[in-house]
Amino acid sequence: MHPAPSIIIFTVFSGLGFGLLFWLGIGIPDISGWNALAIYFFAFASAVIGLVASTFHLGNPQRAWRAFTQWRSSWLSREGWFAVIALMTMGIYALGIIFFEYAASTIGFIGAIISLVTVFATSMIYAQMKTVPRWNHWTTSALFLTLAVSGGAILTGQSKTAAGLLLLAGILQVVAWMTGDTRFGECGSTIETATQLGGIGKVRLFEPPHTGSNYLLKEMVYTVGRKHAGKLRKWSIMLMCVVPALILLVLPANLFVGIIALLTHLAGTLASRWLFFAEAEHVVGLYYGRR
Amino acid sequence: MTDLPKLTQRKLGLVIDLDTCVGCHACVTACKGWNTENYGAPLSDIDAYGANPVGTFLNRIHSYEVQPEQGCAQTIHFPKSCLHCDDAPCVTVCPTGASYKRVEDGIVLVNEEHCIGCGLCAWACPYGAREMDAAEGVMKKCTLCVDRIYNENLPEVDRVPACVRTCPTGARHFGDFSDPQSNVSKLVKERGSLDLMPEQATKPINQYLPPRPKDKMVSSDQIETLLKPVAKEPKGFLSWLDKALDAL
Ligand code: SF4
Ligand code: SF4
């Protein structure tokens, strides 16, 4: 897929925001007043920036409200609902904590769960795509969720937990890459099944429909150089998981160290998400003799 | 609702004969012509006269070379548009309800007034049958010329999709697959056709008739027999003509 910045920002920042809201909802850390205001502001801003960014790639964002109507069948629609419900529930919980020093823990707990469900719904927008074998796998959701709670754990100052989650995310990422690399070959779709001409012999594209490009090729048959991707994978896993985990384990826990860990983690996550989209291979590429 | 209907009353769709198609692109042109002036937003072209022209098309023709184990390679032209799938994944992913499958005839349509242009349906389609219009920001796809097939202002022969009406070789057929007596059902039965990418489990309605086996090259002594003179001496009219010309 063409890795659109709006979609990368959407998935990374809304993930971070809802990951943070998850921890806040279960009462970690135990704060109130101004401190609480600051951290809740950050969580809501991150989630909302992500959601707003997602509307930038729409052809007609003015009717985005219509996306709430099809929750029965569409993961994108469900994601919208869960996001709104999570933000509202956590908003009520936050008001209690910030202004009344009162933690309505049931509401917080519900908010925490819905925040996670929101991240899961985001991941399902991609994981449901049978047409993109690399995404169509449980690792997509597992990675989205683990990264979200890892980021949240860094932001809530839980060095040990964060380091553990980051390492788990790193393992999941490696599994996702390694199994993902062969999944297209295993999915059973080939140029022969696409054209059903395999009964005659070996099929190859003789002429594409047009000499120029088109929406499908630009959007779905985006290709990254293998060498390029390999290098980026190394960088992203170092920055996303290894370096922040080490920083959190080795350096003394303070705000400055936390910020450094968060920034490296975010840089790595953005790179990993860029790859997630850039390396997605859609079966339609088969009709164009590519994948 | 973007839930798929349990059952559609009819299953309208196309049969495309890969044996007959010569890849002339007449259907592509007819489709663009009709659909840019009728249902929904026009099919825009961007940088049409510049260095990198791109445009929205609902029907595109690929050409493939198929190499059998023995003998010559075959060139096969392969028109591709929406297959109006029974289990259309493009419909269920749509968050707005803009994409839907009609109960009355099974046509898959986009309500452009409701489409937000998120592109998810194009991602869900394995066949590349949906294209986002760059000028309008809405999803475009084959409507099976829903504005022709029921249009009583048109003469009856024109009440078929523009591509079918225009195809100069008669490689495209339109009809109802739910009726076993229809032209398309008969063709499919007679010639045997396969679903494209069955592993994607979309249950496409449109069917492709496979190319017929090619004639085999005859051996050289067979050719010699065929090339032998049929008569040594002219007879009849030719013999008279021969003689008359000689006499001149
Ligand atoms: S061919 Fe593609 S766009 Fe058409 S119904 Fe099937 S999945 Fe949807
Ligand atoms: S692009 Fe339009 S029709 Fe397609 S899924 Fe999005 S809203 Fe639905």
Side-chain angles (χ1 to χ4, degrees), chain A residues 1 54-55 57-64 66-80 125 128-132 187-189 191 193-210 212-216 218-220 282-289, chain B residues 1-3 18 28 52-57 60-69 73-76 78 80 89 91-98 114-120 122-128 131-134 136-139 193-201 208 210-211:
Chain A
M1 175 188 185
S54 76
T55 65
H57 91 292
L58 299 180
N60 281 284
Q62 76 283 6
R63 344 188 234 260
R66 289 197 183 274
F68 287 103
T69 60
Q70 304 303 310
W71 50 272
R72 283 185 11 184
S73 56
S74 161
W75 278 108
L76 180 51
S77 186
R78 288 174 199 158
E79 199 267 349
I125 297 173
Q128 70 177 331
M129 291 287 170
K130 245 186 128 173
T131 48
V132 184
C187 79
S189 293
I191 190 168
T193 68
T195 59
Q196 286 294 9
L197 295 171
I200 306 176
K202 189 89 200 97
V203 184
R204 77 173 182 96
L205 182 73
F206 178 67
E207 259 178 350
H210 292 76
S213 191
N214 66 31
Y215 168 75
L216 301 162
K218 285 193 208 163
E219 188 68 15
M220 293 157 206
H282 195 287
V283 292
V284 73
L286 294 168
Y287 286 105
Y288 289 87
Chain B
M1 272 292 172
T2 51
D3 287 339
L18 296 180
V28 176
N52 292 304
V54 280
T56 313
F57 286 81
R60 291 181 185 264
I61 301 183
H62 301 245
S63 298
Y64 297 101
E65 185 188 79
V66 189
Q67 177 65 60
E69 276 190 11
Q74 246 172 284
T75 305
I76 293 161
F78 194 96
K80 185 162 56 61
V91 169
T92 48
V93 296
C94 175
T96 63
H114 288 188
C115 171
I116 55 174
C118 67
L120 213 57
W123 274 88
C125 170
Y127 309 106
E131 298 188 17
M132 179 101 72
D133 189 82
E136 294 289 330
V138 293
M139 197 50 75
S193 63
L194 297 166
D195 289 355
L196 302 186
M197 282 202 222
E199 67 282 359
Q200 287 277 336
Y208 287 78

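Just so it is clear: chains get the letters A, B, ... in the order the sequence lines come, proteins before strands, and each one is counted from 1.
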* Contacting region of B/Asp133 [heavy-atom separation from chain A under 4.5 Å] ->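 Neither; nothing under 4.5 Å.
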* With a 4.5 angstrom heavy-atom cut-off, could you sort out which part of B/Cys118 is near chain A: side chain, backbone, both or neither? =>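 For B/Cys118, heavy atoms of backbone and side chain both lie under 4.5 Å from chain A.
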Is there a donor-acceptor contact under 3.5 Å from the side chain of [X] to the main chain of [Y]?
| X | Y | value |
| --- | --- | --- |
| A/Arg66 | B/Cys115 | no |
| B/Tyr127 | A/Ala194 | no |
| B/Glu69 | A/Gly201 | no |
| B/Gln200 | A/Lys130 | yes |
| A/Thr69 | B/Thr96 | yes |

Side chains of [X] and [Y]: closer than 4.5 Å at any heavy-atom pair?
| X | Y | result |
| --- | --- | --- |
| A/Ile200 | B/Ile76 | yes |
| A/Gln196 | B/Pro198 | yes |
| A/Thr195 | B/Phe78 | yes |
| A/Asn60 | B/Glu136 | no |
| A/Leu197 | B/Pro211 | yes |
| B/Lys80 | A/Tyr287 | yes |

* Taking the inter-plane angle between the rings of A/His282 and B/Trp123 on a 0 to 90° scale, is it parallel (under 30°), tilted (30 to 60°) or perpendicular (over 60°)? ->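 A/His282 and B/Trp123: perpendicular rings.
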Engaged part of [X] at the chain B interface, taking heavy atoms whose separation is under 4.5 Å:
| X | answer |
| --- | --- |
| A/Leu216 | side chain |
| A/Glu79 | neither |
| A/Met220 | both |

* Structure fact -> Pair count under 4.5 Å, heavy atoms only, with chain A: among B/Val28, B/Val66, B/Leu18, highest is B/Val66
* Looking at A/Val283, A/Thr131, A/Thr55, which one has more heavy-atom pairs under 4.5 Å with chain B than the rest? -> A/Thr131
